[in-house]
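Position 1 is the first residue of the sequence, and the numbers go up from there. Just so it is clear, the model here is predicted, and its values are computed rather than measured.
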Amino acid sequence: MPVTVKTFGSTGEAASALSSDRSARYLGGGTLVMRALNEGDISISTVVRATDQALSRIDVTSSRITIGAGVTFAKILAERELAFLHAPARSIGGPAVRNMGTVGGNLFAPNPYGDFTVALLALDATVSVQGGLGARDLPIEEFLQSRERQSGALVLAVSCQRPATADAFRYRKIARIKPKGGSVITLAAHLPVSSGRISGARIALGSMAAMQIRARAAERALEGRALDDAAINAAAAVAAEGVSPTDNALGSAWYRREIVGVHLRRLLSGLE
């Protein structure tokens, strides 16, 4: 089946093309779309591209960052101001994948991939999208819950608050093959501290449900407490509440439930 490639100079034109053609897919780095085409996905008849430089821009202020959807993981690793995101960026694929894979594309990556999105979920990111009805900002949880419906919209950028300290954001990916394998579990935690106590904890998990999810029971176990052994043990004990992992070649659902608390304890304790 022939595939038509359409390239536009602006995000508005690309978004219009996407929203008007149900068989169109946006091509960023190509790690998802080209794989689908190579595997014979006949639902794609049009590939849309945009050369708008805004998609590859990184804006950093003292309190907030905005990353264009077309920014690659290699570019994130080269940006000193984004050091808190280097661990999730480095955990994705090998050098070739990191040179091509983009932040926007990772939002659509199915399990056992989408590790960078786990980090963004823990950081309470906002996703800017443009569709047929114009541009809008969505909380990342709302975006993920409607991800299938977002295939007709163009992701423009993601933005989030910068963690107040290097220790306030933590990330861990458990994989059989490092660094490029799919995840057995991915964990990220944002732990703001006020007067010595955690205030507004967010913990996100990958490969523990159909999409990236928050470990809300573990968040509640930490809220208002100092990050000591008792609080960490309480969070680890309830880490599997609300999860619904599936079996795959990397691990069984049973195994994932058994080890998620172990790895959350290590993450919160700062252990390697």
**Message:** Donor-acceptor pair, distance only, cut-off 3.5 Å: does the side chain of Arg176 make one with the backbone of Leu250?
**Reply:** yes
**Request:** Please go through Met34's hydrophobic cluster and name the other residues, only I, L, V, M, F, W, Y counting, with side-chain heavy atoms under 4.5 Å joining them.
**Result:** Val3, Val5, Leu27, Val33, Leu37, Ile44, Val47
**Prompt:** Just wondering, more than 12 heavy atoms not from Asn99 lying within 6.0 Å of its CG?
**Reply:** yes
**Prompt:** What are the two closest heavy atoms between Glu241 and Ala217, and how far apart are they?
**Reply:** OE1-CB, 3.4 Å
**Message:** With rounding to the nearest 0.5 angstrom, report the CG to CG distance, Leu85 to Leu120.
**Reply:** 7.0 Å
**Prompt:** So which heavy atom on Val48 is nearest to which on Ala24, and how close?
**Reply:** CG2-CB, 4.1 Å
**Request:** With the side chain counted from C-beta on, respond yes when Ile58 and Ile65 share a heavy-atom pair under 4.5 Å apart, and no when they do not.
**Result:** no
**Asked** Taking side chain as C-beta onward, heavy atoms only, is Leu123 less than 4.5 Å from Pro163?
**Response** yes
**Same apolar cluster (I L V M F W Y, side chains within < 4.5 Å links), Phe116/Val129** = yes
**Request:** Could you go through the side-chain hydrogen bond (donor to acceptor under 3.5 Å, both in side chains) check for Tyr113 and Thr31 one step at a time?
**Result:** CA-CA 11 Å; Tyr113 306 108; Thr31 56; over 6 Å; no
**Asked** Roughly how far, to the nearest 0.5 Å, is the CD1 atom of Ile185 from the CD1 atom of Ile259?
**Response** 3.5 Å
**Prompt:** side-chain hydrogen bond (donor to acceptor under 3.5 Å, both in side chains) between Asp247 and Ser252: does it pass, once the steps are laid out?
**Reply:** CA-CA 4 Å; Asp247 300 328; Ser252 67; 4.6 Å; no
**Asked** Is the closest side-chain heavy-atom distance between Ser91 and Tyr171 below 4.5 Å?
**Response** yes
**Prompt:** Just wondering, more than 12 heavy atoms not from Arg22 lying within 6.0 Å of its CZ?
**Reply:** no
**Item:** Hydrophobic cluster identity match, Ile174 and Ile92, side-chain contacts under 4.5 Å
**Value:** no
**Heavy-atom closest pair, residues Val103 and Gly68** = CB-O, 4.3 Å
**Pairing residues for Ser195 by the side chain to side chain donor-acceptor pair (under 3.5 Å) criterion, not counting sequence neighbours** = none
**Prompt:** Quick one: does Lys75's side chain have a donor or acceptor within less than 3.5 Å of a partner on Ser56's backbone?
**Reply:** yes
**Message:** Treating His86 as the side-chain partner and Arg80 as the backbone partner, does any N or O pair qualify as donor plus acceptor under 3.5 Å?
**Reply:** no
**Asked** So Ile198 and Glu219, side-chain contact (heavy atoms from CB on, under 4.5 Å) or not? Walk me through it.
**Response** CA-CA 10 Å; Ile198 297 171; Glu219 292 173 356; over 6 Å; no
**Partner residues of Glu258 under the side chain to side chain donor-acceptor pair (under 3.5 Å) criterion, sequence neighbours left out** = none
**Asked** When you measure from the side chain of Arg265 to the backbone N and O of Ile232, does any donor-acceptor pair fall under 3.5 Å?
**Response** no
**Request:** Of all the heavy-atom pairs spanning Ala204 and Ala122, show the shortest one and how long it is.
**Result:** CB-N, 3.7 Å
**Complete:** Taken to the nearest 0.5 Å, the spacing of Leu264 CG from Ser269 OG works out to 8.5 Å
**Prompt:** Do the side chains of Leu138 and Val158 join up, straight or via other hydrophobic residues, at under 4.5 Å, putting them in one cluster?
**Reply:** yes
**Message:** Check for me, please, whether Leu121 and Val71 land in the same ILVMFWY cluster - side-chain distances under 4.5 Å, paths through other members count.
**Reply:** yes
**Message:** I'd like to know if Arg136 pairs up with Glu142 as an ion pair, taking the criterion as any Lys NZ or Arg NE/NH1/NH2 lying under 4.0 Å from an Asp or Glu carboxylate oxygen.
**Reply:** no
**Donor-acceptor contact below 3.5 Å, side chain Lys173 vs main chain Gly181** = yes
**Request:** Given side-chain contact (heavy atoms from CB on, under 4.5 Å), test Val60 with Arg162 step by step and report yes or no.
**Result:** CA-CA 9 Å; Val60 180; Arg162 299 177 71 176; 3.5 Å; yes
**Nearest-0.5 Å distance, CG of residue Leu187 to CG of residue Leu267** = 6.0 Å
**Request:** Without swapping roles, check the side chain of Ser183 against the backbone of Pro112 for a donor-acceptor pair under 3.5 Å.
**Result:** yes
**Item:** Flag side-chain contact, heavy atom, 4.5 Å: Arg35 against Asn38
**Value:** no
**Asked** Between Glu223 (side chain) and Ala201 (backbone), is there a donor-acceptor pair under 3.5 Å?
**Response** yes
**Item:** Non-hydrogen atoms of Leu32 and Pro110 that approach each other most closely
**Value:** CD2-CD, 4.3 Å
**Asked** Side chains of Tyr255 and Val184: closer than 4.5 Å at any heavy-atom pair?
**Response** yes
**Request:** Using the six-membered ring wherever Trp is involved, compare the ring planes of Phe169 and Phe84 and label them parallel, tilted or perpendicular (cut-offs 30° and 60°).
**Result:** perpendicular
**Request:** Test Asp21 against Thr46 for side-chain hydrogen bond (donor to acceptor under 3.5 Å, both in side chains), laying out the working first.
**Result:** CA-CA 8 Å; Asp21 183 353; Thr46 304; 3.0 Å; yes
**Asked** Can you find a heavy atom in the side chain of Leu268 that is under 4.5 Å from one in the side chain of Leu191?
**Response** yes
**Prompt:** Within a strict 4.5 Å, meaning less than it, do heavy atoms of the Arg257 and Val243 side chains meet?
**Reply:** yes
**Asked** Under a 4.5 Å side-chain heavy-atom rule over Ile, Leu, Val, Met, Phe, Trp and Tyr, are Phe73 and Val127 clustered together?
**Response** yes
**Asked** What's the shortest heavy-atom distance between Phe8 and Glu13, and which atoms?
**Response** CD2-CB, 3.7 Å
**Request:** Report the C-alpha separation of Ser207 and Arg256 in whole Å, then their side-chain angles, then the decisive distance to 0.1 Å, and conclude whether the side-chain hydrogen bond (donor to acceptor under 3.5 Å, both in side chains) test is met.
**Result:** CA-CA 8 Å; Ser207 294; Arg256 288 183 162 98; 4.7 Å; no
**Asked** Under the 3.5 angstrom rule, does the side chain of Arg202 hit a backbone N or O of Arg214 as a donor-acceptor pair?
**Response** no
**Request:** Measure from the side-chain N and O atoms of Arg98 to the backbone N and O of Gly93, and report whether any donor-acceptor pair falls under 3.5 Å.
**Result:** yes
**Ring centre gap for Phe143 and Phe108 strictly below 6.0 Å** = yes
**Prompt:** With no hydrogens and no angle check, is any side-chain donor or acceptor of Asn111 less than 3.5 Å from a backbone partner on Ala209?
**Reply:** yes
**Message:** Quick check for you: to the nearest 0.5 Å, what is the distance between Thr72 atom OG1 and Asn106 atom CG?
**Reply:** 12.0 Å
**Item:** Value rounded to 0.5 Å, distance of CZ in Arg90 from CG in Asp115
**Value:** 14.0 Å
**Asked** Do Ile140 and Leu107 come within less than 4.5 Å of each other through their side chains, counting heavy atoms only?
**Response** yes
